[in-house]
Structure formats: structure tokens, C-alpha cells
Protein chains: 2
Amino acid sequence: MTSATRTLRARRLEAVALELFTVRGFDHVTVDDLAAAGGVGRRTFFRYFPTKLDVVLGQLDDALAALVDALARVPTTTDPTIAARQAFLQVNAYSPGDEPVLRRRLALIETVPEVAARAAVRYEAWEAALARDAAARWGCPVDELRPQVFARVVVAAMRGVFTVWLASPDAELRSLVVAAFDDLGRGFG
Amino acid sequence: MTSATRTLRARRLEAVALELFTVRGFDHVTVDDLAAAGGVGRRTFFRYFPTKLDVVLGQLDDALAALVDALARVPTTTDPTIAARQAFLQVNAYSPGDEPVLRRRLALIETVPEVAARAAVRYEAWEAALARDAAARWGCPVDELRPQVFARVVVAAMRGVFTVWLASPDAELRSLVVAAFDDLGRGFG
DNA sequence: ACGCTAACTGGCACCGGGTGCCATTCACAC
DNA sequence: GTGTGAATGGCACCCGGTGCCAGTTAGCGT
């Protein structure tokens with residue numbers, strides 16, 4: 001099987017799974033269901049996805065890679081907050097056609113606690129990347145309070161943005177991101 | 001069985017479980033082990049703790065209640081950031097004797113991904129409480145961007161504080177909390 | 001002291017997610 | 001064709017979690 005076929009199957013499985021999840025509800029769909037619906041054996045399913053939960057979060061890793069990339073592109077003299085803002089604006093530049101899928105995904109993440117939990121674990125990698133970047137820009141050790149807090153705070157802000165965006169269909173993702181980062185820059189005092 | 005006996009058993013189970021977890025590692029301890037070590041049936045174990053994971057997070061709920069309480073005590077005219085700072089300082093006022101236990105707990109939370117995930121779910125309740133409080137103080141709807149971001153950001157900052165505190169044995173928890181909230185108030189710009 | 005009731009207990013069978021093992025199949029090279 | 005390596009998927013198994021139910025215990029009124 002070529003790697004193109006592989007990602008193809010993965011995409012098929014993912015699409016079918018998301019469909020089933022949104023229709024029947026996450027925990028009323030067994031892995032056997034997913035495998036059968038994807039025309040694949042249960043054992044094979046677990047070779048494509050490490051976990052039932054990870055089907056929902058599929059491309060989060062790609063997004064992380066994109067984030068790291070975008071951060072690296074911002075000049076090292078730039079302030080961490082500005083840099084992070086830039087990076088997130090780039091990463092979240094979805095084409096309008098992708099937004100419905102994104103909405104579905106995020107809705108699942110927010111609705112199903114287990115999936116939310118898994119997402120949180122995934123976000124830790126984001127936090128680590130952001131902390132490293134911020135520490136480099138500030139010229140301080142990574143394990144100091146400031147970069148550690150900064151990194152977690154940025155990811156948290158993005159979560160907040162997604163929540164609000166999900167709740168209000170008319171809101172524009174970009175402007176929410178900008179507003180959130182403005183708050184972070186100015187401070188809440 | 002009196003409720004006093006109940007919490008007593010729960011405490012015993014919890015203590016034994018934490019011991020086993022730190023010695024053998026979280027996923028090399030089965031629930032049967034925990035039950036047996038606590039001198040209790042497996043089925044009964046699950047009546048004390050809804051999940052193996054929740055054994056580690058035991059008193060987080062009490063802490064949440066304490067937080068809500070502390071927030072309610074701060075005058076409504078006070079700024080949300082100040083109010084949250086106050087509240088967290090109160091909630092995290094551990095007696096020196098409790099710190100070792102707290103350290104163990106937090107270490108487990110940071111080390112074992114599944115536990116971290118569970119903790120993240122628990123923190124959502126904190127975020128909701130903080131968002132409600134902040135919205136009330138700002139006089140805006142809860143579902144707006146600012147309180148939503150604020151709430152998540154505050155919890156994130158606390159997570160950062162715990163991480164740093166855990167990594168440096170000499171650091172004082174109180175001063176870290178203060179420093180983190182100072183950053184939030186001033187902003188990172 | 002006696003029995004009644006209600007709560008607590010824990011065994012048992014079961015489900016669903018996840019893994020190791022292994023025989024089979026398939027694509028591709030020679 | 002034949003051999004080789006990867007992908008497949010069936011099978012048995014482990015573990016966390018739940019419903020069910022029978023046995024035990026604690027507390028109460030009489």
C-alpha cells in the first residue's frame with residue numbers, strides 16, 4: 001500500500017467516524033462500528049489511530065507543526081506576544097470551506113469530556129513550543145515563571161477564542177484572535 | 001456506616017493508592033491492587049472513587065468550592081484580576097505540613113498524561129466559576145470573549161505556577177502566585 | 001432482645017477500549 | 001513465477017468501568 005493510499009484510508013475513516021459521532025453521539029459509537037463503517041478490521045483501525053479519541057483530533061499535530069514553523073519565521077527581536085499573535089493568525093487562517101468541518105470538530109471537543117481531556121494533553125506540546133519561543137525572545141531560561149505562564153496563558157486564550165467562536169456563528173475567527181491577544185498584551189488589570 | 005467512617009476509608013484508600021502510584025508507577029497498578037491494598041472489594045472501590053484517575057485528584061473539588069467561596073467574599077466592586085488573585089492566595093494557603101502531599105499529587109498530575117487530562121476536565125468547572133465572577137464584576141454577559149478568555153487564562157496561569165513550583169523546591173508558592181497575577185494584570189506586551 | 005428496614009458491601013458477569021501475537025494476503029521486485 | 005516485506009485482520013487477552021443481585025451490617029422502633 002502506498003503512503004497516499006494510507007492517508008486516503010485514514011481520511012475516509014476520519015470522515016465516516018465524525019459523521020457517526022455527530023449523529024449518534026461519541027460514546028454510542030464503538031470502535032467496531034467505526035471499523036466496520038470504514039470497511040476495515042478493528043485491529044487495522046488501531047493502526048491508523050492510536051485511540052478512538054484521536055480520530056476527532058486528527059490534524060491537531062499538523063497545526064502544531066505549522067505553529068512552530070510560523071513562530072520560527074517571526075524575527076527574534078519581535079515581542080513574544082506579537083510573535084504568538086502572528087503565528088496563531090497564520091495557523092488559524094482556514095479557508096471558508098473548511099470552517100464547517102472545524103466547527104464540527106471543535107463542537108465534539110467541547111461536548112465530550114474525554115475528547116476535551118485528550119485535546120488538553122495535545123495542547124501541552126503547544127505550550128512547550130510557546131514557552132521555548134518566548135524564553136528565547138526574552139532571553140531568559142525556559143523554566144522560569146514568566147515563559148511558563150505566558151505559554152499556558154496563550155493556549156488558554158486560544159481555547160477561549162474557540163469557545164466563543166463556536167457559540168456565535170456570526171463571529172469572525174480572525175478578529176476574535178486579535179481581540180484576545182490585545183487583552184493579553186494590555187493585561188486585565 | 002457513618003459518614004465519618006466513609007471519609008476515613010476514602011482517606012485510607014487514597015493514601016495507599018498514592019503510595020503505590022509513586023512507587024510502582026500509575027499504570028502498573030491495577031484497580032484490583034488498589035482495592036486489595038485498601039482491604040476492600042474492587043466493586044466497593046468504585047463506590048468511593050468514580051475512576052482510578054480520580055484517586056489522585058481527590059480534593060480538587062473541595063478546592064473549587066473554596067475558590068467560589070473566596071470569590072464571593074471579595075466586594076463586587078473589586079477588579080476581577082485582583083479578586084481572583086485574592087481568592088487563589090486564600091485557596092493555596094497550605095500549611096507547611098501539607099506541602100509534601102501536594103507536591104506528590106501535582107507530580108503525578110504532571111507526569112501521567114491521563115491524570116493530567118482528567119485534571120484539565122476538572123479545571124473546566126473552575127473556569128466556568130471564574131468567568132461568571134468576572135462577567136459580573138465587569139457587568140457584561142458571561143459568554144462574551146473577555147470573561148471567557150480571562151477565566152481560562154487565570155487557570156492557565158495557576159497551572160504554570162504549579163509547574164514552576166514543582167520544579168524548584170525552594171520557591172514559595174505564595175510569591176509565585178503573586179508574580180503570575182502581576183503578569184496577568186500588567187499584560188505581556 | 002428481637003426483628004425490620006435501609007444502607008453498605010462485594011462477587012459475578014458483562015461491555016468496550018486497547019495490545020500482543022500470528023497466520024494470511026497483497027504489492028512489488030527479480 | 002517466486003520470494004520478500006509490509007499491511008491486514010482475526011483471536012485471545014488485559015484492564016477499567018457498570019448493572020445486577022445476594023449477603024452483611026448498622027441502626028431503629030417496639
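Note on naming: letters A, B, ... go to the chains in the order of the sequence lines (proteins, then strands), and numbering restarts at 1 for each one.
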*Donor-acceptor pair under 3.5 Å: do we get one between B:Arg43's side chain and the base of D:dG17?*
no
*Rounded to the nearest angstrom, tell me the gap between atom CZ in B:Arg47 and atom C1' in D:dT25.*
14 Å
_Backbone of B:Ala107 reached by a side-chain donor or acceptor of B:Thr111 within 3.5 Å_ = yes
*Atom OG1 in A:Thr81, atom CZ in A:Phe150: separation rounded to 0.5 Å?*
4.5 Å
*Whole Å only: how far is the CG atom of A:Asp27 from the P atom of D:dG17?*
14 Å
*Separation of atom CZ in B:Phe49 from atom P in C:dT9, rounded to whole Å*: 12 Å
*asked:* Under 4.0 Å, heavy atoms only, any strand: does A:Thr30 hit a base, just the sugar-phosphate, or nothing?
replied: sugar-phosphate
_Nearest whole Å is fine: how far is D:dT8 C1' from A:Leu13 CG?_
13 Å
*What integer distance in Å separates A:Phe45:CZ from C:dT19:P?*
12 Å
*Under 3.5 Å donor-acceptor pair, B:Arg42 side-chain atoms to C:dG11 base atoms*: no
*Within this structure, what is the CG-to-P distance between B:Asp32 and D:dG16, rounded to whole angstrom?*
7 Å
*Is the NZ or CZ atom of B:Lys52 both under 6.0 Å from the centre of the six-membered ring of B:Phe45 and within 45° of that ring's axis?*
no
*Just to confirm, is there a sub-4.0 Å distance from OP1 or OP2 of C:dT9 to any side-chain nitrogen or oxygen of B:Tyr48?*
yes
*asked:* Nearest to the A:Val31 side chain among C:dG17, C:dT9, D:dG16, which nucleotide is it?
replied: C:dG17
*Looking at B:Thr51, does any N or O in its side chain come under 4.0 Å of the phosphate oxygens OP1/OP2 on D:dG17?*
yes
*Send over the distance from A:Phe46 CZ to D:dA7 P, rounded to a whole Å.*
19 Å
_For a quick test of reading the model: is some side-chain N or O of A:Arg9 closer than 4.0 Å to OP1 or OP2 of D:dT8?_
yes
_Just the rounded figure in Å: distance from C1' of D:dA7 to CG of A:Leu8._
16 Å
*Does the cation-pi check pass for B:Arg152 over B:Trp126, that is, NZ or CZ under 6.0 Å from the six-membered ring centre and within 45° of its axis?*
no
_Residue A:Lys52, side-chain heavy atoms: nucleotide from C:dG17, D:dC21, D:dG17 that is nearest_ = C:dG17
*Among B:Leu176, B:Leu106, B:Val177, B:Ile109, find the one that has a side-chain contact (heavy atoms from CB on, under 4.5 Å) with B:Phe162.*
B:Leu106
